[in-house]
Engineer: 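I'd like to ask you about the structure that follows.
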There are 2 protein chains.
Amino acid sequence: MAARPAEIESGGTGPARRRLAPAERTPQILAAALEEFAERGYAGASMAAAAARAGVTKGLIYHYFPGKADLFKAVVRSCVQPVFSEAERMIAAFEGPKAELLRGLIELAYDRVTAERRERVLFKLILAEADRFPELAAFYNAEVLSRGLALVGNVLRAGAASGEFRPEAADAVGLAPVLLAPAIMASIWQMMLGEERAPDLAAMRRAHVDLVLRGLLQAPGPGAPAPPKRLR
Amino acid sequence: MAARPAEIESGGTGPARRRLAPAERTPQILAAALEEFAERGYAGASMAAAAARAGVTKGLIYHYFPGKADLFKAVVRSCVQPVFSEAERMIAAFEGPKAELLRGLIELAYDRVTAERRERVLFKLILAEADRFPELAAFYNAEVLSRGLALVGNVLRAGAASGEFRPEAADAVGLAPVLLAPAIMASIWQMMLGEERAPDLAAMRRAHVDLVLRGLLQAPGPGAPAPPKRLR
DNA sequence: TTGCTTATCGACCGGACGGTCAATAGCTGG
DNA sequence: CCAGCTATTGACCGTCCGGTCGATAAGCAA
């Protein structure tokens, strides 16, 4: 499992045996390193093993990256960036009641949990290594958390301004993280405990959407206490 | 910082230089190992360093624990147990509206985040090492998460049965994790980003309690949409 | 005091790891 | 077809780590 340097590996077009252009080899190394870091953690990961996963030798990695820490940061950077394009497109394109948009965002977050194990593991990695890499924590804060909070916060403020949500919904500073947290924790529990022992994802999503909309929607009339107009 | 085996250490009564009874040395080693694991992670922690923190040598640790993995598990076990006594006492002793109890539990969770850095770090450790120690994940599930969910779930069902909460509150399977998640995530963000960059704890707590009570309370009368009767 | 038990030390081992470097061989422009 | 550039290798180094073990001495019982 870790002896032959260049052999069968990440199958694709041509197994790319030798002398690849840096633009082609770099992503191979990054992908292999992501696997290695995800499986063994930062300290537990071995440069030689990461190299073997990529079908190269350790020396070559040092030709592309100055050291282990830099490789780690490069892996993180290469993976976190594209996550938000989807949500941002969604918000930009959406027209309709803010409640529907908010519900869509929450459900998108839960769906994200179901898909792409890699991203989940990466989050765990960032969390675990945050104190050893302060700039990594700063990066996560700027590129992931702040962006997510801003996304939700804008929807909240827009809904409050339009009168669709209760005015308290404009308190995005406190509310936005509260709305994001359950989806993230669902992801974490899935990682820790596995699908069968972790809290039920579908039930969480249902209860989450219901709770949020109940708690935020302006009561339509003075009579009924804001029934959630049967959402999905 | 890591050269003298037995010297000045955890100050107290007598620095306990040599030949302690196992009942006295074991907790010293566990405490030192907790510090070491918390600072460097499982793979990054060094047995010799943990020993030095306890003022002993590596060999002695192997006299008390068969190996690194066993030491790690012993550390976790020794720390997680007492966390729940407070909440359980609180629930057992409480009489009054379930909404107040639920609010108290949520605020207790947030307060727990502010205090005792050790427990937070330990949670991070468990999360980071869960896949390498499946029985550790199982232990966390049984002794921490399940207990916490049951706690909240019982309150929810009781409130729904008494008519104080909306009947949907009885869906504890989905709702309980949704209610716990923001407090846990607040703790995680505090660890990752530090007090000043993480989402504001007080604002989260306020928004969280407000959202939950708004979303769960049965509307008192047909007039107002359940104002949260100025809590606290 | 004597002698047994055992907590404690400190030296040691095999190996793995991060990192370095000179040598090699695959491409590409001419 | 050649020559030069550089991607790639593989051997190497110093270090540190988990784990072992025989020697030592602290405490206790008689």
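In what follows, every chain begins at residue 1, and chains take the letters A, B, ... in the order their sequences are listed.
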Engineer: D/dA7, C/dG18, C/dT8: which one has an atom nearest the side-chain heavy atoms of B/R25?
Structural biologist: C/dT8

Engineer: Between B/E36 (side chain only) and B/M47 (backbone N and O only), is there a donor and an acceptor less than 3.5 Å apart?
Structural biologist: no

Engineer: Does NZ or CZ of A/K73 lie under 6.0 Å from the centre of the six-membered ring of A/F133, at an angle within 45° of the ring axis?
Structural biologist: no

Engineer: Starting at atom CG of B/L71, determine the distance to atom C1' of D/dG19, rounded to an integer number of angstrom.
Structural biologist: 13 Å

Engineer: How many whole angstroms separate atom CD1 of B/I29 from atom P of C/dT8?
Structural biologist: 7 Å

Engineer: Just to be sure I understand the rule, does A/A43 reach a base, reach only the sugar-phosphate, or reach nothing, if contact means heavy atoms closer than 4.0 Å?
Structural biologist: nothing

Engineer: Starting at atom CG of B/L20, determine the distance to atom P of C/dT5, rounded to an integer number of angstrom.
Structural biologist: 22 Å

Engineer: Are the side chain of A/H208 and the backbone N or O of A/L179 linked by a donor-acceptor pair below 3.5 Å?
Structural biologist: yes

Engineer: Of B/Y64 and A/M47, whose closest DNA chain C nucleotide lies nearer the 5' terminus?
Structural biologist: B/Y64

Engineer: Cationic tip of A/R25 within the cone over A/Y64's six-membered ring, i.e. under 6.0 Å and within 45° of the normal?
Structural biologist: no

Engineer: Report yes if a side-chain nitrogen or oxygen of A/R19 is closer than 4.0 Å to either non-bridging phosphate oxygen (OP1 or OP2) of C/dA25; otherwise report no.
Structural biologist: no

Engineer: Rounded to whole Å, please give me the gap between CD1 in A/I61 and C1' in D/dG10.
Structural biologist: 15 Å

Engineer: Counting distance alone, no hydrogens or angles: does the base of C/dG18 have a donor or acceptor under 3.5 Å from a partner atom on the side chain of A/K58?
Structural biologist: yes

Engineer: For B/F65 and C/dA7, what is the distance between atoms CZ and C1' respectively, to the nearest whole Å?
Structural biologist: 14 Å

Engineer: Output the single nucleotide from D/dG10, C/dG18, D/dA7 whose closest atom is nearest the side chain of A/K68.
Structural biologist: C/dG18

Engineer: Is the shortest side-chain N/O distance from A/H63 to OP1 or OP2 of D/dA7 below 4.0 Å?
Structural biologist: yes

Engineer: Could you state the atom-to-atom distance from CD of A/E24 to P of C/dG26 in whole Å?
Structural biologist: 17 Å

Engineer: Has the side chain of B/K124 got a donor or acceptor atom that lies under 3.5 Å from a matching backbone atom of B/M192?
Structural biologist: no

Engineer: Within the 4.0 Å heavy-atom criterion, would you say A/A69 contacts the bases, only the backbone, or no part of the nucleic acid?
Structural biologist: nothing

Engineer: Is any side-chain N or O of A/Y62 closer than 4.0 Å to OP1 or OP2 of D/dT9?
Structural biologist: no

